[in-house]
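For the single chain, residues carry numbers from 1 onward in sequence order.
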Amino acid sequence: QVHLVESGGGLVQAGDSLRLSCTASGRSLSTYAVAWFRQIPGKERQFVAAISSSGGKTDFTDSVKGRFAIARDNAKNTVHLHMNSLKPEDTADYYCAATPGDYTIAPVWYKFWGQGTHVTVSS
């Protein structure tokens, strides 16, 4: 199986940037589609971004388009989420997930999950 660990969360001010990392062990992430989700306490986990196994296709939820980017670093078995121009509304727990097939926006389809990393954006 694939074991995923997120890192890079923290406290930043509105307008700042953060880079989250999803690092895998057990198997190569290069054969899996990877997505990022976020969750606010009391609300459902929501799709943020995804990248295909090849890295050739990406997708983002409307609220982060133009601000976030997702990229693979296959040498480090890692997928990064680059978050720019952060807003207080981006405050959440962020999770990465992997699936052996094509990515989707539905968390139920992802087989492997990390434990999450917290992001707080102050105003």
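The side chain to side chain donor-acceptor pair (under 3.5 Å) contacts involving residues 113-123 comprise Asp93-His118, His118-Thr120, where partners must be two or more places apart or lie in separate chains. Among pairs with a residue in residues 15-123, those fulfilling disulfide (SG to SG under 2.5 Å) read Cys22-Cys96, at least two apart in sequence or across chains. Legend: side chain to side chain donor-acceptor pair (under 3.5 Å) pairs involving residues 4-17, not counting sequence neighbours, sorted by first then second residue: Ser17-Asn84.
In terms of the side chain to side chain contact (heavy atoms under 4.5 Å, CB included) criterion, residue partners of Ala14 (sequence neighbours excluded) are, by chain and number, Pro88, Val121. For Pro100, the side chain to side chain contact (heavy atoms under 4.5 Å, CB included) partners at least two apart in sequence or on another chain are Tyr32. Applying the ring pair (Phe, Tyr, Trp, His ring centres under 6.0 Å) rule to Phe60 yields no partners; only residues at least two apart in sequence or on another chain are considered. In this view, Thr78 and Thr23 satisfy the side chain to side chain donor-acceptor pair (under 3.5 Å) rule, not counting sequence neighbours. For Ser30, the side chain to side chain contact (heavy atoms under 4.5 Å, CB included) test picks out Ser28, Asn74, with sequence neighbours left out. Applying the side chain to side chain donor-acceptor pair (under 3.5 Å) rule to Ser63 yields the partners Arg38; only residues at least two apart in sequence or on another chain are considered. Residues passing the salt bridge (charged side-chain N to carboxylate O under 4.0 Å, His left out) test with Lys65 are Asp62, sequence neighbours excluded. Legend: residues meeting side chain to side chain contact (heavy atoms under 4.5 Å, CB included) with Ala75, ordered by chain and number and at least two apart, are Asp73. With sequence neighbours left out, the side chain to side chain donor-acceptor pair (under 3.5 Å) criterion links Arg67 to Asp90.
Val5 and Met83 end up in different hydrophobic clusters when Ile, Leu, Val, Met, Phe, Trp and Tyr side chains are linked at under 4.5 Å. Residues Ile51 and Phe68 are members of one and the same hydrophobic cluster, defined by side-chain heavy-atom contacts under 4.5 angstrom among Ile, Leu, Val, Met, Phe, Trp and Tyr. In the hydrophobic cluster analysis, where Ile, Leu, Val, Met, Phe, Trp and Tyr join through side-chain heavy atoms closer than 4.5 angstrom, Leu18 is grouped together with Val64. Hydrophobic clustering of Ile, Leu, Val, Met, Phe, Trp and Tyr side chains at less than 4.5 Å, counting indirect connections, keeps Phe47 apart from Leu81.
A 6.0 Å sphere centred on CZ of Arg27 holds no more than 12 heavy atoms belonging to other residues, nucleotides or ligands. The local environment of CD1 in Ile40 is crowded, with over 12 non-hydrogen atoms from other residues, nucleotides or ligands closer than 6.0 Å.
Within the 4.5 Å cutoff, side-chain heavy atoms of Tyr103 are placed close to those of Tyr110. Looking only at side-chain heavy atoms (C-beta outward), Tyr94 and Phe37 stay at 4.5 Å or farther from each other. At least one side-chain heavy atom of Tyr95 sits less than 4.5 Å from a side-chain heavy atom of Gln39. Looking only at side-chain heavy atoms (C-beta outward), Val34 and Thr99 stay at 4.5 Å or farther from each other.
In terms of modelled atom types and a separation under 3.5 Å, the side chain of Arg72 and the main chain of Ser52 share a donor-acceptor contact.
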For Val119 and Leu20, what are the C-alpha separation, side-chain angles and deciding distance, and is it a side chain to side chain contact (heavy atoms under 4.5 Å, CB included)?
CA-CA 9 Å; Val119 172; Leu20 305 184; 4.0 Å; yes
Ser25 vs His3, test: side chain to side chain donor-acceptor pair (under 3.5 Å). Steps then yes/no.
CA-CA 5 Å; Ser25 61; His3 180 65; 5.2 Å; no
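His80 contributes atom NE2, which lies 6.5 Å from atom NZ of Lys76 (distance to the nearest 0.5 angstrom).
A pairwise comparison of heavy atoms in Val2 and Ala24 identifies CG1-CB, 3.8 Å as the closest pair. Residues Trp36 and Val79 come closest through the heavy atom pair CZ2-O, 3.8 Å.
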